[in-house]
Protein chains: 2
Amino acid sequence: MIGITIRQMLYFDALAQTLHFGRAARRSGVSQPALSSQIAEMEERLNCRLFERGGKTVRMTDEAHALQPRIERILADIRDVEATARRGRPAMEGRFRLGIIPTVAPYLLPHVLPELKKQYPALQLELREAVTASLVDDTASGRLDAFIAALPLDHPGLVAQELFPDRFFLAVPSGDPAFASPPVPPESPALERLMLLEEGHCLREQALAVCGNVRPVAMASYGATSLTTLLQMVAHGLGVTLVPEMAASAAGVMPDLRIVPFQEPMPQRLICMAWRRNRARQDECVELARIIRGLDAAVLRV
Amino acid sequence: MIGITIRQMLYFDALAQTLHFGRAARRSGVSQPALSSQIAEMEERLNCRLFERGGKTVRMTDEAHALQPRIERILADIRDVEATARRGRPAMEGRFRLGIIPTVAPYLLPHVLPELKKQYPALQLELREAVTASLVDDTASGRLDAFIAALPLDHPGLVAQELFPDRFFLAVPSGDPAFASPPVPPESPALERLMLLEEGHCLREQALAVCGNVRPVAMASYGATSLTTLLQMVAHGLGVTLVPEMAASAAGVMPDLRIVPFQEPMPQRLICMAWRRNRARQDECVELARIIRGLDAAVLRV
DNA sequence: TACCAATCATAGGAAAATCCTATCGAAAGA
DNA sequence: TCTTTCGATAGGATTTTCCTATGATTGGTA
């Protein structure tokens with residue numbers, strides 16, 4: 001497809017500048033015959049005489065004169081490409097697309113973002129909030145660099161690193177007598193009034209797993225798509241709901257709302273960060289996970 | 001100096017388009033391991049992961065995405081350079097710098113130029129009129145592509161091809177009784193009044209060679225620098241001069257001027273075309289010479 | 001679960017490209 | 001004519017590139 005080589009262009013350039021095979025060869029760090037034969041080969045491949053060899057002088061042909069600036073430019077372009085690539089983005093710089101599930105994002109991000117901004121100001125974090133299935137899909141197909149969700153994640157090709165456990169609490173109306181004396185046993189009949197997020201949120205499945213024996217109120221009819229909305233519904237006495245620990249600390253300040261613990265062992269979920277197993281720069285993901293794990297545990301607890 | 005190769009860029013391009021090592025290799029006409037190892041080598045040299053290899057899918061890294069258009073452009077540029085050079089200017093096209101001595105130019109060019117224009121309309125002939133020494137110098141150093149002059153030329157590095165002989169005649173005042181009965185013998189005492197062009201013109205030396213025993217009138221004092229001027233001086237009865245055959249046909253129509261032949265064997269000079277022995281496209285010079293030689297001999301004769 | 005198909009990496013030896021040293025031949029100057 | 005300079009050529013060594021065969025991993029399927 002392409003006949004000439006970079007080497008030939010380099011030798012051509014050296015010869016065009018020196019007009020002397022010996023000096024061009026020395027400048028190129030090869031022997032004179034090596035340079036001679038490469039130039040000859042180049043002329044052969046281009047089917048075009050480039051240099052006139054005289055007894056004492058070497059002269060460029062018109063064709064060579066026309067080619068020289070273009071070849072110089074090509075060489076410069078190649079050097080540029082190499083320099084750009086080789087410089088190697090120094091980890092934690094440039095764009096990083098991170099997905100987070102909705103039941104974690106609003107509670108974790110306020111703590112993570114300032115810390116990231118401080119440690120890695122050059123990192124341009126692009127955030128996407130979506131349910132786990134969507135995040136898994138986007139990450140596997142390269143539309144995201146990594147995501148934060150709750151274990152378990154079962155997708156081949158992804159690798160997950162545990163970040164921290166997130167215990168579940170119960171959010172109940174302030175004066176509800178059914179929860180007068182916490183902790184609450186998971187099999188409490190009062191959990192019949194459990195309200196859940198719409199399908200797709202992993203918190204829904206986790207809540208069902210915790211309170212295995214209840215027939216929860218279908219939330220679709222209420223249109224509750226966010227945990228905040230759900231908590232406001234609880235505050236209005238429409239029912240109760242499960243809140244993760246992170247959210248609970250925020251929910252604790254809402255009026256007419258009470259956060260009560262479950263009996264030991266307290267149910268919990270494991271929050272993790274995940275990315276493609278074959279991802280080029282795993283170090284960035286690992287570093288990001290390290291930072292999140294390193295956040296003062298207090299900020300994530302009730 | 002430059003680490004990556006054109007081959008690597010080609011393979012990179014193929015892989016970037018197919019995202020499949022096997023197909024990229026097939027498209028590139030090599031085996032899959034060959035392509036794999038060249039890509040690996042390229043990543044090594046750039047110190048930068050370019051592709052993520054997954055079980056079933058290959059994905060480009062951000063770096064590779066950034067590099068791809070630049071590499072494509074470089075490859076296109078190289079192909080352009082090759083196409084340009086390889087197309088090979090089809091001989092007798094483009095600029096051709098031709099020098100001619102002043103005692104030939106005005107008589108030969110009117111015949112040559114129309115013919116050239118007809119046969120090779122794409123040829124851009126640049127003409128320079130100068131004395132032989134100057135033409136030799138300019139041609140040897142590449143400022144001219146070829147020149148037309150009279151033999152002998154003694155300069156190493158030049159090659160000359162004979163074009164045609166140019167016989168010498170004598171231009172005399174119309175009524176001059178000394179030349180009443182031509183042909184004129186070279187040793188005629190009437191040649192004492194021979195006038196010559198200024199130093200540098202080969203015709204001067206040639207005339208002296210023909211009339212070896214005369215002490216010619218120094219022309220410098222008259223300031224005659226062109227044959228036409230010289231002929232007008234002859235017409236005014238200031239002396240006689242040697243005219244080459246080509247000029248004679250033009251001079252024949254001047255009033256008060258007579259063109260008379262020399263005795264056999266008629267003296268002559270050989271007009272030739274010359275160029276650098278190492279010149280790249282000798283074929284153009286040879287072709288040009290062929291055309292001039294092919295001109296109807298009649299146009300060059302008395 | 002265990003096999004199967006697809007895919008990229010690795011190994012080892014062959015082929016090709018490139019280079020080096022030594023030498024030749026032409027050209028230009030002494 | 002002799003010498004010096006310089007590019008071309010020759011022959012063999014070295015490096016690069018390639019191919020075939022095989023291994024390892026992944027993702028789907030019986």
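Lettering of chains follows the sequences in order, A, B, ..., and the numbering in each one begins at 1.
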Test item: B/Ser28 side-chain N/O and B/Ala24 main-chain N/O as donor-acceptor pair under 3.5 Å: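 Yes, the answer is positive, given that a donor and an acceptor are paired below the 3.5 Å cut-off.
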For B/Gly142, is there any backbone N or O sitting under 3.5 Å from a side-chain donor or acceptor partner on B/Arg97?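 Side chain of B/Arg97 to backbone of B/Gly142, a donor-acceptor pair under 3.5 Å: yes, one is there.
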Whether B/Arg53 contacts C/dT7 is assessed here as follows: a side-chain N or O lying under 4.0 Å from the phosphate OP1 or OP2. Is that the case?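 For C/dT7, OP1/OP2 do not have a side-chain N/O of B/Arg53 under 4.0 Å.
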Taking only the side-chain nitrogens and oxygens of A/Tyr11, find out if one of them lies under 4.0 Å from OP1 or OP2 of C/dC19.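 Yes, A/Tyr11 has a side-chain N/O under 4.0 Å of OP1/OP2 on C/dC19.
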Answer whether the closest heavy-atom distance between the side chains of [X] and [Y] falls below 4.5 Å.
{"X": "B/Cys202", "Y": "B/Ile101", "answer": "yes"}
{"X": "B/Gln268", "Y": "B/Pro244", "answer": "no"}
{"X": "B/Cys48", "Y": "B/Glu43", "answer": "no"}
{"X": "A/Ile6", "Y": "B/Met9", "answer": "yes"}

Residue whose nearest DNA chain C nucleotide is more 5′ - A/Glu41 or B/Gly157: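 It is A/Glu41 whose nearest nucleotide is closer to the 5' end.
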Shoot me the first and last contacting nucleotide of DNA chain D against chain B, ordered 5' to 3', at under 4.0 angstrom to non-hydrogen atoms.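 It runs D/dT17 to D/dG27.
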Check the distance between [N]'s [atom2] and [X]'s [atom1] and give it to me in whole angstrom.
{"X": "B/Ile6", "N": "C/dA17", "atom1": "CD1", "atom2": "P", "answer": "15 Å"}
{"X": "A/Leu35", "N": "C/dT21", "atom1": "CG", "atom2": "P", "answer": "15 Å"}
{"X": "A/Ile39", "N": "C/dA17", "atom1": "CD1", "atom2": "P", "answer": "18 Å"}
{"X": "B/His155", "N": "C/dA27", "atom1": "NE2", "atom2": "C1'", "answer": "11 Å"}
{"X": "B/Met42", "N": "C/dA9", "atom1": "CE", "atom2": "P", "answer": "15 Å"}
{"X": "A/Gln38", "N": "C/dA17", "atom1": "CD", "atom2": "C1'", "answer": "8 Å"}

Please determine, for the side chain of B/Ser36, which listed nucleotide (C/dT21, C/dT18, C/dA9) has the closest atom?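 It is C/dA9.
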Check: A/Arg277/A/Gln282 side-chain N/O donor and acceptor closer than 3.5 Å: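 No, A/Gln282 and A/Arg277 have no side-chain donor paired with an acceptor closer than 3.5 Å.
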What residues from residues 19-32 of chain A pass a heavy-atom cutoff of under 4.0 Å to DNA chain D?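 Heavy-atom cutoff 4.0 Å gives A/His20, A/Phe21, A/Gly22, A/Gln32.
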In terms of ring plane angle, is the pair A/Phe51 and A/Phe12 parallel, tilted or perpendicular, where the classes change at 30° and 60°?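 A/Phe51 and A/Phe12: tilted rings.
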The single option from B/Gln8, B/Glu44, B/Arg53 passing side-chain contact (heavy atoms from CB on, under 4.5 Å) against B/Ile39: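 Of the listed residues B/Gln8, B/Glu44, B/Arg53, the side-chain contact (heavy atoms from CB on, under 4.5 Å) partner of B/Ile39 is B/Arg53.
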Of A/Arg7 and A/Ser37, the one whose closest DNA chain D nucleotide lies more 5':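 Closest to the 5' end, via its nearest nucleotide, is A/Ser37.
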